[in-house]
Amino acid sequence: MRIFNTLGRTLQTFEPREAGKVAMYVCGATVQSRPHVGHGRYAVVFDVVRRYFEWLGYDVTYVRNITDVDDKIIDAAGEMGVSIQEVVDMADTAFHWAYDQLNVLPPDIEPRATEHVAEMIEMIERLIDRGHAYEANGDVYFIVRSFPDYGSLSGRNIDDLRSGERIEPGEHKRDPLDFAVWKAAKPGEPSWESPWGPGRPGWHIECSAMAHKYLGVGFDIHGGGHDLVFPHHENEIAQAEAAGHVPFVNYWMHNGLLNLSGEKMSKSTGHVIDLVEGIEKYTPGAVRLFYLRTHYRKPVEFSEEALIDARASLDRIWAFRRRVPGPVEDIPLAAAMDSFREAMEDDLDNAGALAVLFDVIREGNRRLDAGEQAVPWVAAYEEIITVLGLAEPAAALDDVADQVASLATDLGLKPVGGESAIAAMIDLRAEARGKKDWATADRIRDGLAAVGIVLEDTPDGVRWHRG
RNA sequence: GGCGACGUGGCCGAGUGGUGAGGCAAGGGUCUGCAAAACCCUGUACCCGGGUUCGAUUCCCGGCGUCGCCUCCA
């Protein structure tokens, strides 16, 4: 597989650190507020990376952290007048609900910063011992100029940086470029004991320490949003490698950001579409497909039209699979799998992979129309849809159970629940159709449509699905 | 100011030095009681100006435009 490595900015052939294994770390959420639509993208993109490697047969260890101690969280708690724990719990719950809805597989390890402070302190001590960090008034700063490779990931020259030109009041940096790896506690803030007094870790050290703990030195892939390249990932490299973990990471992958009205979605500006609301409004599958329509490195413009478009595309995708009920166990069409793999091998060309899926669907539909079984096409569909995580969830009827039941009663049927009620209505409608009683037939179909259940008359019988 | 990305048909979005991926939308047709789904047909696109070339949307140079990072941010 060829991966565009941000480190070096070139397409590189992926060589795992250890044969048959992939160790990857992705920067997850800072649980300071509910997720916005942009946050779903990194989750889905790296979920596909993980699924693809697993599909290839790799043993993947996927670590995605949770930053649960941070200035922003403390600020948010203050503003909302609630405890830090409440902010964390609220945001954490929303993030996980969204991951789950978006069919993002749980990571193998999901470390929380607050549970790894000991490892961070240990790393900071190493940095101080090696002359890469210093304590000042209870803070500890990393000496940027002590790490010659600083800037290699983001392609920056230290002397061109504007960052750190100003020093926040109360900071005691020796050099404006230096950044905090440990922050002395202010009154009322959460803190941990350390050799430098009570305090809390800086954001960047969290990832360096947790990634190293779970994945060791020179692990395979580190991912995150493109906005993390500088300074976060640059700093992660500096800290980890200055502490002796060389190389820190072999491949850096960054997903493009989501724009709204031509501007990046950003928590800090409030220029966002809430992810939970987006999922509820457009459906989880449509949101996931929306992310996957565009190459993962490109910026994407969020728009209502795009989500509606994705929804329609998804309907087409799922409609194909519904034509062939039940599991399919056969060899997938080799030509299609080759094309799919070719696309994915090319720096995870997820958009190209989708095109392959649609080709499979079109030809599969043709075969089905011609009366064939089309099993190789359906099998190919299953493989691709699984890697992309776009499989249609089993139709749940819980939310419309009452409506379905009352509809059945209106039609004079016995009050049976769920699918059997629908089956009974389909039978009743077939009977009516047999007598050319179109009024009754349409009453049933329209009644079900009103609660979101779509009936389709096909040569092979009647199918239904959630609309 | 520094670094970087991008500009493809109504919309979205791949890709390629040589008669146009894919999706959505639209029109026509087949099927169907009607509908839905599906299939078939219909689109000659690649920001502008130079250059290289037999030939450029694809390479090079210069514009213009949009966006990101340089401060917390997926």
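In the text below, chain A, chain B and the rest are named by the order of the sequence lines, each starting its count at 1. Every heavy atom of this structure was used, including side-chain atoms; hydrogens, water molecules and symmetry mates were not.
Between the C1' atoms of C6(B) and C12(B), the separation comes to 15 Å (whole Å). A gap of 24 Å separates the P atoms of G62(B) and C54(B), to the nearest Å. Nucleotides A45(B) and A56(B) have their C1' atoms positioned 14 Å apart, rounded to a whole Å. U16(B) sits 6 Å from U58(B) when the C1' atoms are compared, rounded to a whole Å. Comparing C47(B) with C39(B), their P atoms sit 31 Å apart, to the nearest whole Å. Taking the P atom of each, C59(B) and C67(B) are spaced 24 Å apart, rounded to whole Å.
Y296(A) and D347(A) are linked by a side-chain donor-acceptor pair at a separation below 3.5 angstrom, with hydrogens and angles left out of the test. A donor-acceptor pair shorter than 3.5 Å cannot be found between the side chains of N235(A) and Q239(A). In this structure, a donor-acceptor pair under 3.5 Å is present between the side chains of D68(A) and T114(A).
Along RNA chain B, the nucleotide closest to L258(A) and the one closest to D359(A) are compared, and the more 5′ of them pairs with D359(A).
Contacts of R9(A) with the nucleic acid, taken as non-hydrogen atoms under 4.0 Å apart, involve only primed sugar atoms and P, OP1 or OP2. No engagement by L368(A) is indicated, since no non-hydrogen atom pair under 4.0 Å with the nucleic acid exists. Nucleic acid contact for N259(A): sugar-phosphate only, since backbone atoms but no base atoms lie under 4.0 Å from a heavy atom of the residue.
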Protein within reach of the bases, or only the backbone? For nucleotides 27-38 of chain B, mark each nucleotide 5' to 3' as B, S or -, using heavy atoms under 4.0 Å. ------BBBBSS
So if I define the base as every atom that isn't primed, P, OP1 or OP2, how would nucleotides 8-15 of chain B read as a B/S/- string at a heavy-atom cutoff under 4.0 Å? ----SSS-
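A 3.5 Å limit on both hydrogen-bonding distances identifies no Watson-Crick or G-U partner for A56(B). Across every strand in view, G22(B) sits in a pair with C12(B) that passes the Watson-Crick or G-U test at under 3.5 angstrom. Pairing for A5(B) goes to U66(B), judged as Watson-Crick or G-U wobble with the two contacts each under 3.5 Å. Pairing of G49(B), defined by two Watson-Crick or G-U wobble distances under 3.5 Å, is identified with C61(B).
Less than 6.0 angstrom separates the ring centroid of W252(A) from the ring centroid of H233(A). Checked against the 6.0 Å centroid threshold, F53(A) and F14(A) count as a close aromatic pair.
Remark: Q373(A) engages no residue in a side chain to side chain donor-acceptor pair (under 3.5 Å) (not counting sequence neighbours). Shown here are the side chain to side chain donor-acceptor pair (under 3.5 Å) partners of R200(A), two or more places apart in sequence or in another chain: D71(A), E189(A). By the side chain to side chain contact (heavy atoms under 4.5 Å, CB included) test, E301(A) pairs with N259(A), sequence neighbours left out. Scanning for side chain to side chain contact (heavy atoms under 4.5 Å, CB included) contacts around D100(A) gives an empty result, with sequence neighbours left out. By the side chain to side chain contact (heavy atoms under 4.5 Å, CB included) test, P376(A) is found to be paired with L333(A), residues two or more places apart in sequence or in another chain being considered. Remark: S152(A) engages L7(A), D149(A), E234(A) in a side chain to side chain contact (heavy atoms under 4.5 Å, CB included) (not counting sequence neighbours).
Applying the ring-ring contact (aromatic ring centres under 6.0 Å, His included) test to pairs two or more places apart or on separate chains, those with a residue in residues 352-396 of chain A are F320(A)-Y381(A).
A salt bridge between R321(A) and E382(A) is present, with a side-chain N of the basic residue lying under 4.0 Å from a carboxylate O of the acidic one. Ionic pairing of D442(A) and R445(A) is present here: one or more N-O contacts between side-chain nitrogen and carboxylate oxygen are shorter than 4.0 angstrom.
One finds a side-chain N or O of K264(A) lying less than 4.0 angstrom from the OP1 or OP2 phosphate oxygen of C69(B).
Because its NZ or CZ atom is not both nearer than 6.0 Å to the ring centre of F46(A) and within 45° of the ring axis, R64(A) does not count as a cation-pi partner of that residue.
Ring geometry for H96(A) versus Y99(A): interplanar angle over 60°, hence perpendicular rather than tilted (30 to 60°). Ring geometry for F219(A) against Y25(A) counts as tilted: the plane angle lies between 30° and 60°, on a 0 to 90° scale.
Near-neighbour residues of RNA chain B inside residues 23-49 of chain A, defined by a heavy atom below 4.0 Å, number-ordered: G28(A), T30(A), H36(A), G38(A), H39(A), Y42(A). Heavy-atom distances under 4.0 Å link RNA chain B to K72(A) of residues 72-100 of chain A, given in residue order.
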Polar atom pairs between nucleotides 43-45 of chain B and protein, under 3.5 Å, N or O only, would you list them?
none

